Amino acid sequence: ILDLTGDYFPAGTTENFDFDVTLQNLGTQMFNPFVDEYIDIDRESLASGKLKVTGSYNKPVVDGKINLMRTQFLIKYLNTKYSAAGSVDFSENAINVGELSLYDTRRRSASVSGSVSHDYFRDFTLDVQIVHENFSALNTTARDNELFYGTAVVPGQVAIPGPLAD
């Protein structure tokens, strides 16, 4: 369920919206059109939480917290499926992952922390850390990608820094 209340100012020059958004077991697959180049979100994935959306068309601001439940997704480039549980905090120009649990298809867990900064939802920059033991990292065939393919299960730590465009 998505509950949206507030004000919309279509002709505003500095402020176009002032919304309170409540998510209650919202199917997160609705975000697939925004991420489908990289990720495919499973249709049974759910999120709950509260967000405040303010600002303008050019500078939207989202503040609040979302809790992920039974959230499953496929990272297309790696052909790996994961599920996630935990919370994600939104602030003016950042999306923060305090401590998110990630699970692979073999039920092995990883701990994800860090943030994604952005300039009003443009020019995303990652600063994400993943700590894991024997975690599925690759599951491709030559048909998926003839340059690299195979199955990889790896231990250790992964840092993902830098612009998303790289």
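Note that the structure is a prediction, hence the values are computed from the model and not measured.
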Check your understanding: With the 4.5 Å side-chain cut-off for hydrophobic clustering, are Ile39 and Val97 part of the same group?
Key -> yes

**Study point:** Value rounded to 0.5 Å, distance of CE in Met69 from CD1 in Ile66
**Key:** 9.0 Å

Check your understanding: Mind checking whether Phe73 and Leu102 have side chains closer than 4.5 Å, heavy atoms only?
Key -> yes

Check your understanding: Got a second to check how far Glu146's CD is from Asp144's CG, nearest 0.5 Å?
Key -> 11.5 Å

Review point. Roughly how far, to the nearest 0.5 Å, is OG of Ser48 from CG of Asn67?
Key: 7.0 Å

Point to revise | Inter- and intrachain pairs under side chain to side chain donor-acceptor pair (under 3.5 Å), touching residues 53-63, at least two apart | key: Tyr8-Tyr57

Review point. Quick one: does Ile160's side chain get under 4.5 Å of Ile130's, heavy atoms only?
Key: yes

Review point. Do Leu4 and Phe121 belong together in a cluster built from hydrophobic side chains that touch within less than 4.5 Å?
Key: yes

Practice item. Begin from the C-alpha positions of Val61 and Val53 and carry the test side chain to side chain contact (heavy atoms under 4.5 Å, CB included) through to its verdict. Key: CA-CA 6 Å; Val61 176; Val53 181; over 6 Å; no

Review point. Is a side-chain donor or acceptor of Asp7 paired with a backbone partner of Asp18 at a separation under 3.5 angstrom?
Key: no

**Study point:** Which atom of Ser91 lies closest to which atom of His118, heavy atoms considered
**Key:** O-NE2, 4.5 Å

Review point. So do Thr28 and Leu46 actually touch side chain to side chain, heavy atoms under 4.5 Å?
Key: no

Practice item. Establish whether Ile75 and Val131 are linked, either directly or via other cluster members, by ILVMFWY side-chain heavy-atom contacts under 4.5 Å. Key: no

Review point. Can Asp42 and Lys81 be counted as an ion pair, charged N to O under 4.0 angstrom?
Key: yes

Review point. Going through the distances and angles, do Thr125 and Leu164 end up as a side chain to side chain contact (heavy atoms under 4.5 Å, CB included)?
Key: CA-CA 6 Å; Thr125 301; Leu164 186 60; over 6 Å; no

Exercise for review: Determine whether more than 12 heavy atoms belonging to other residues, nucleotides or ligands lie under 6.0 Å from atom CD1 of Ile1.
Suggested key: no

Check your understanding: So, for Phe135 and Tyr103, is the gap between ring centers shorter than 6.0 Å?
Key -> no

Exercise for review: Decide, yes or no, whether a salt bridge links Asp20 with Lys52 under the criterion of side-chain N to carboxylate O below 4.0 Å.
Suggested key: yes

Exercise for review: Indicate if Val154 and Tyr82 have the same hydrophobic cluster label, given that clusters are the connected sets of ILVMFWY residues with side-chain heavy-atom separations under 4.5 angstrom.
Suggested key: no

Revision key, fill the gap. Tightest non-hydrogen contact, residues Pro155 and Glu133, listed as CB-OE1, 3.8 Å

Check your understanding: Within a radius of less than 6.0 Å around OH of Tyr77, do more than 12 heavy atoms belonging to other residues, nucleotides or ligands occur?
Key -> no

Practice item. Count the heavy atoms belonging to other residues, nucleotides or ligands that lie under 6.0 Å from CZ of Arg122, then report whether that count exceeds 12. Key: yes

Practice item. Might you confirm whether atom CD of Glu44 has over 12 heavy atoms from other residues, nucleotides or ligands at distances under 6.0 Å? Key: no

Check your understanding: When clusters are formed by joining ILVMFWY residues with side-chain heavy atoms under 4.5 Å apart, either directly or through shared neighbours, do Tyr120 and Val35 land in the same one?
Key -> no

**Study point:** Euclidean distance, Asp89 CG relative to Ile95 CD1, rounded to 0.5 Å
**Key:** 10.5 Å

Point to revise | With Leu78, the side-chain contact (heavy atoms from CB on, under 4.5 Å) member among Asn139, Thr140, Leu138 | key: Leu138

Review point. Quick one: are Val88 and Asn96 in side-chain contact, heavy atoms under 4.5 Å?
Key: no

Check your understanding: Counting heavy atoms not belonging to Lys76, are there more than 12 under 6.0 Å from its NZ?
Key -> yes

Review point. Is the backbone of Ser115 close enough, under 3.5 Å, to the side chain of Asp127 for a donor and an acceptor to pair up by distance?
Key: no

Check your understanding: What pair of heavy atoms forms the shortest contact from His132 to Ala110, and how long is it?
Key -> CB-CB, 3.6 Å

Practice item. May I ask you to decide if Gly12's main-chain N or O and Asn16's side chain share a donor-acceptor pair within less than 3.5 Å? Key: yes

Practice item. Compare every heavy atom of Gly98 with every heavy atom of Ser113, then report the nearest pair and how far apart it is. Key: CB-O, 3.5 Å

Review point. So, the side chain of Asn93 versus the backbone of Ser117: is there a donor-acceptor pair under 3.5 Å, distance only?
Key: no

Check your understanding: What orientation do Phe19 and Phe17 show, parallel under 30°, tilted 30 to 60°, or perpendicular over 60°?
Key -> parallel

Check your understanding: Considering only heavy atoms from C-beta outward, does the side chain of Leu23 approach that of Leu2 to under 4.5 Å?
Key -> yes

Review point. Is a donor on one side and an acceptor on the other found under 3.5 Å between the side chain of Asp104 and the backbone of Arg108?
Key: yes

Check your understanding: Any side-chain heavy atom of Arg70 sitting closer than 4.5 Å to one from Ser45?
Key -> no

Check your understanding: Can you find a heavy atom in the side chain of Leu74 that is under 4.5 Å from one in the side chain of Thr80?
Key -> no

Practice item. Would you check if Ser136 and Arg106 make a side-chain contact, meaning some heavy-atom pair closer than 4.5 Å? Key: yes

